Amino acid sequence: MKERASLKNKVAIVGVGESDIGKVPHMTGLGLNAQAAKRALDDAGLQVSDIDGLLTAYSFTEPYFMLGSVICEYLGIKPRLNASMIVGGASPVVMLKHAAQAIVSGQAETILVCAGENRATGQSRDAAVAALTAVGHPYFEQPYGTSIPGFYAMIALRHMHKYGTTREQLAHVAVNTRTHALLHPNAHMKAPLTLDQVISAKPIADPLGMLDCCLISDAGGAFIVTSAERARDLKCKPAYLQGIGEYHTHEHLMCAPSLTEFGAAESGRIAYEMAGLAPGDIDVAELYDCFSIVPILEAEELGFCQPGEGGAFFEQGHARIGGKLPINTHGGMLSHAHAGAAGGLFGIVEAVRQLRGGLGDRQVEGAEVALVHNEGGILSSHGTAILANEKG
Ligand SMILES: CC(=O)SCCNC(=O)CCNC(=O)[C@H](O)C(C)(C)COP(=O)(O)OP(=O)(O)OC[C@H]1O[C@@H](n2cnc3c(N)ncnc32)[C@H](O)[C@@H]1OP(=O)(O)O
């Protein structure tokens with residue numbers, strides 16, 4: 001099916017912001033959201049009074065029932081549009097789509113999208129892992145004790161069995177993202193990483209070790225969306241939305257149609273079609289990487305390599321800055337940060353920064369078109385967005 005209302009070149013992201021990241025014990029989740037939002041407003045050269053819409057996601061660490069209303073109250077926003085969306089890690093791209101639709105249909109002019117949690121210091125380690133495990137089916141999965149890394153480990157094992165993907169190839173994903181994180185001043189992880197360290201790290205769920213798993217961070221992220229027309233009058237360089245798609249195949253892994261094919265192919269297809277672009281047109285990609293197997297699958301489904309070749313794509317260095325298609329240039333969730341929906345949102349923040357240019361050693365030369373992919377649950381919900389600068 002073709003999306004009937006194209007959003008191509010109708011809206012732009014005009015401001016991006018990240019809170020302090022890592023262990024930030026002096027801040028609440030709400031504070032991290034607010035700090036990121038304020039930085040995004042400053043980036044855009046806008047005031048709180050310019051915002052007339054707010055979209056946010058969910059929080060495991062904040063006690064509020066109406067999180068969006070609380071963020072508005074905290075920041076002093078009186079929006080005409082206010083919603084909280086819960087499609088797990090896919091929420092940021094899905095929120096971008098809803099923001100674009102709301103702007104195009106005249107429901108709001110300038111929308112703040114934010115997410116954040118203080119998962120690292122606002123919860124005990126056991127509470128954080130228990131909350132994350134609740135993604136399993138309450139009757140048929142949770143009683144057997146499967147954790148999120150356990151679900152993704154099954155997916156990794158299946159990919160290894162079907163395609164011959166190796167343990168070393170998974171480790172290459174972690175090393176690739178850590179190499180990029182070292183170029184990012186705000187990344188949670190600061191030390192270099194070797195393949196041996198990844199392979200010999202504490203086992204979590206075979207074949208995944210600790211360094212194949214995303215971080216548990218304190219972090220907030222935000223971006224501001226407005227019409228393409230208004231964007232041209234603002235102080236920052238806009239990133240124009242070219243195409244966007246979402247697709248949802250299941251909630252619980254036991255209901256997934258396959259362990260090797262997921263919904264990224266379809267959300268990507270919708271986004272490419274709207275943009276009138278193909279995988280070969282993408283200059284930089286920010287792919288969801290909650291576990292090292294995930295960007296391998298996404299690189300395949302989004303058409304950057306053939307099915308089964310994702311592991312080799314990373315092993316051969318194609319995903320490095322300077323390679324064929326740099327992936328996760330900020331360090332991804334494996335090394336930059338993961339805190340609820342903020343994890344995937346940082347992919348959008350980084351894509352916008354890459355399109356603006358001037359990132360020094362982290363800059364992908366000639367980046368004009370960027371793709372961001374988010375996924376939520378156990379590869380259950382997918383969102384793909386394609387952004388471009390004035391040249392793209
Ligand atoms: C759709 C989705 O987004 S699904 C993804 C949802 N998120 C998750 O499932 C979170 C996955 N990660 C985890 O559960 C945890 O990080 C684990 C289980 C892998 C490791 O946690 P723990 O066993 O508590 O680690 P441990 O306490 O031994 O950590 C020791 C050190 O290793 C480091 N560390 C912990 N986890 C990681 C990680 N994932 N990557 C890199 N370093 C890590 C920390 O520096 C820590 O040092 P600290 O004491 O200064 O914080």
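Residue numbers run from 1 in the order of the sequence given. Please read all numbers here as calculations on a predicted model, not as lab measurements. In each ligand, atom 1 is the first atom listed, and ligand 1 is the first ligand listed.
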Where the side chain of [X] meets the backbone of [Y], is there a donor-acceptor pair that is under 3.5 Å apart?
| X | Y | value |
| --- | --- | --- |
| Ser19 | Gly220 | yes |
| Arg119 | Ala128 | no |
| Asp218 | Val24 | yes |

Nearest neighbour of atom 10 (C) of ligand 1 from the list Cys214, Ser381, Gly343, Gly344, on a heavy-atom basis: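 That would be Cys214.
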Proximity winner for atom 29 (O) of ligand 1, if only heavy atoms of Met210, His338, His188, Glu375 are counted: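 Looking at heavy atoms only, the winner is Met210.
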Polar contact flag, side-chain donor to acceptor under 3.5 angstrom, [X]-[Y]:
| X | Y | result |
| --- | --- | --- |
| Gln169 | His159 | no |
| His188 | Ser217 | yes |
| Tyr58 | Glu117 | no |

Measure the distance from [atom] to every protein heavy atom, then report the residue, atom name and distance (to 0.1 Å) of the closest one.
| atom | result |
| --- | --- |
| atom 42 (N) of ligand 1 | Leu211 CD2, 3.8 Å |
| atom 17 (C) of ligand 1 | Ile204 CD1, 4.3 Å |
| atom 13 (C) of ligand 1 | Ile216 CD1, 3.8 Å |
| atom 3 (O) of ligand 1 | Tyr288 OH, 2.6 Å |
| atom 45 (O) of ligand 1 | Met189 CE, 4.2 Å |

Taking a cutoff of less than 4.0 Å between a non-hydrogen atom of the residue and any ligand atom, is Cys213 in contact with ligand 1?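 In this structure, Cys213 qualifies as a contact of ligand 1 - some heavy atom is under 4.0 Å.
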Under 4.0 Å from a heavy atom of [X]: give me the atoms of ligand 1 that qualify, with their elements.
| X | result |
| --- | --- |
| Leu132 | 6 (C), 7 (N), 8 (C), 9 (O), 10 (C) |
| Phe291 | 5 (C), 9 (O) |
| Lys23 | 48 (P), 49 (O), 50 (O), 51 (O) |
| Gly377 | 1 (C) |
| Lys202 | 22 (P), 23 (O), 25 (O), 26 (P), 28 (O) |

Look up [atom] and tell me if a protein heavy atom lies less than 4.0 Å from it?
| atom | answer |
| --- | --- |
| atom 5 (C) of ligand 1 | yes |
| atom 39 (N) of ligand 1 | yes |
| atom 47 (O) of ligand 1 | no |

Parallel under 30°, tilted from 30 to 60°, perpendicular over 60°: which one fits the rings of His382 and His373?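 Plane angle between 30° and 60°, so tilted.
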Given side chains that start at C-beta, do those of Gln354 and Arg362 come closer than 4.5 Å, heavy atoms only?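 In short, these two side chains touch, coming nearer than 4.5 Å.
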Would you say Arg125 has any N or O atom under 3.5 Å from an N or O of ligand 1, going by distance alone?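 Checking ligand 1 against Arg125, an N or O pair does fall under 3.5 Å apart.
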Any salt bridge linking [X] with [Y]? Criterion: basic side-chain nitrogen under 4.0 Å from a carboxylate oxygen.
| X | Y | value |
| --- | --- | --- |
| Asp43 | Arg356 | yes |
| Glu266 | Arg269 | yes |
| Glu261 | Lys162 | yes |

